[in-house]
Amino acid sequence: MDWVNGLSINARLKIKSSDKGIKGGSPLIHSEAVSYVDAGLAEGTIIDVVDEKGKFIGKGYYGKQNKGLGWILTRNADEKINASFFERKIKAALENRQSFFEDPSTTAFRVFNGEGDGIGGLTMDYFDGFYVINWYSEGIYQFKEEVLQSLEKLTDYKGVYEKKRFAEKGSYIDDDDFVAGERAQFPLIVQENGIHFATYLNESAMVGVFLDQREVRKAIRDKYASGKKVLNTFSYTGAFSVAAALGGAEKTTSVDLANRSRSKTQEQFSVNGLDYEAHDIIVEDVFHYFKYAVRKKLSFGLVILDPPSFARSKKHTFSAGKDYPALLEQAIEITEKNGVIVASSNCSTFDMKKFKGFIEKAFRQTGGNYKILEEHTLPEDFKTIKEFREGDYLKVVILKKLS
Ligand code: SAH
């Protein structure tokens with residue numbers, strides 16, 4: 001029993017009476033909403049979240065993650081947070097992805113999406129029989145045994161890898177992420193709507209492909225690439241370029257600052273039977289490339305913009321919340337009339353409405369007109385809940401430059 005004679009025996013954390021978020025159903029225990037927390041709580045401690053009068057609101061775990069102090073896991077005082085709780089949540093999440101498991105042309109997808117599946121701070125991705133667990137706090141990492149046991153019981157996994165994303169300042173330190181089962185042979189080739197991707201589950205937090213862009217890659221391949229000159233900026237392993245090439249692009253140009261991006265992009269082309277030498281892969285600062293492209297009067301029929309939320313290069317600091325409109329202006333300048341721009345951001349500090357405002361602002365500055373063709377947020381396997389809108393961080397607008 002966590003409650004004896006109506007009194008909680010768990011550690012307690014009090015929420016300010018002024019707070020609306022948690023009372024409105026948000027599972028994130030934001031540090032600014034907290035008026036009191038028992039001193040010296042260990043990461044992973046089960047806590048009762050109560051209001052100023054001590055009335056029960058919910059039960060969760062203590063785990064520092066950015067500005068959060070933990071996550072509420074249930075609003076039912078009688079529900080126990082134990083092995084069976086984790087198993088129930090993971091089982092429901094796996095069942096929810098049944099159609100993905102049954103689709104032979106897609107063998108990589110998200111199977112557990114944090115608070116969207118009932119446990120904030122924990123995500124899991126599936127890569128052709130292998131599972132990658134992301135732990136976002138030391139607190140949730142305390143439940144490793146429960147999560148692994150559930151996976152063992154509920155799946156026939158080949159192997160399990162993990163990413164401890166709570167390491168120093170969000171940077172990633174482990175050199176071996178292997179946890180259970182058998183080790184995969186790398187590259188592990190997965191499929192997504194028939195597109196092949198080489199993945200490396202044991203290299204860093206970034207395994208080779210960002211699964212949340214699946215529908216955008218499909219749209220590019222099926223609707224927007226045919227016969228186009230394509231510019232893919234912040235291209236990483238060139239996943240968008242590969243989708244465009246498979247969709248019949250005349251040529252793709254991938255630009256990324258990181259040295260590794262050249263060989264990684266060549267590999268993604270090769271595993272799809274494409275000749276990477278027929279495409280340009282440029283290791284350079286995107287801002288520098290834009291200047292070069294303007295000077296050389298280059299223009300493209302499809303321009304893809306997918307910058308990180310925040311990036312610092314030798315000459316530039318880019319912060320999406322501040323600098324996206326200016327970035328877009330440069331992209332507009334080198335897009336052909338009637339050309340298409342795929343504008344994407346994964347920055348969680350602004351929403352779709354504000355993002356569309358950035359687009360409006362950029363076109364106002366350049367004096368052009370545009371039409372929105374389609375919009376994307378997170379795909380179905382990245383399950384989100386309406387009580388935690390910030391969880392739906394992805395914003396993609398596909399637009400046509402009219403003039
Ligand atoms: N669009 C990619 C993901 C982008 S991840 C995809 O779909 O897979 C962000 C990438 O931006 C990283 O690979 C990083 O190296 C690159 N990057 C960050 N700042 C940059 C800059 N100023 N110029 C070029 N690339 C940059």
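Remember, it's 1-based here, ligands and their atoms both numbered in the order they're listed. As the structure is a computational prediction, the values presented were derived from the model and not from experiment. Every heavy atom of this structure was used, including side-chain atoms; hydrogens, water molecules and symmetry mates were not.
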**Study point:** Residue K144 excluded, over 12 heavy atoms near NZ under 6.0 Å
**Key:** yes

Review point. Within 45° of the axis and under 6.0 Å from the centre of the six-membered ring of F350, does NZ or CZ of K395 qualify?
Key: yes

Check your understanding: What salt bridge (charged side-chain N to carboxylate O under 4.0 Å, His left out) pairs are there with at least one residue in residues 81-96, not counting sequence neighbours?
Key -> E79-R88, E87-K153, K91-E95

Study note, to complete from the structure: In chain-and-number order, ligand 1 lies under 4.0 Å from a heavy atom of each of F210, F234, S235, Y236, F240, D256, L257, A258, R260, E284, D285, V286, F287, D306, P308, A311

**Study point:** Candidate list I282, V255, I304, T252, test side chain to side chain contact (heavy atoms under 4.5 Å, CB included), partner L231, passing option
**Key:** V255

Check your understanding: Does some side-chain heavy atom of E336 sit less than 4.5 Å from a side-chain heavy atom of F300?
Key -> no

Point to revise | Side-chain ion pair, D381 and R214, N-O less than 4.0 Å | key: yes

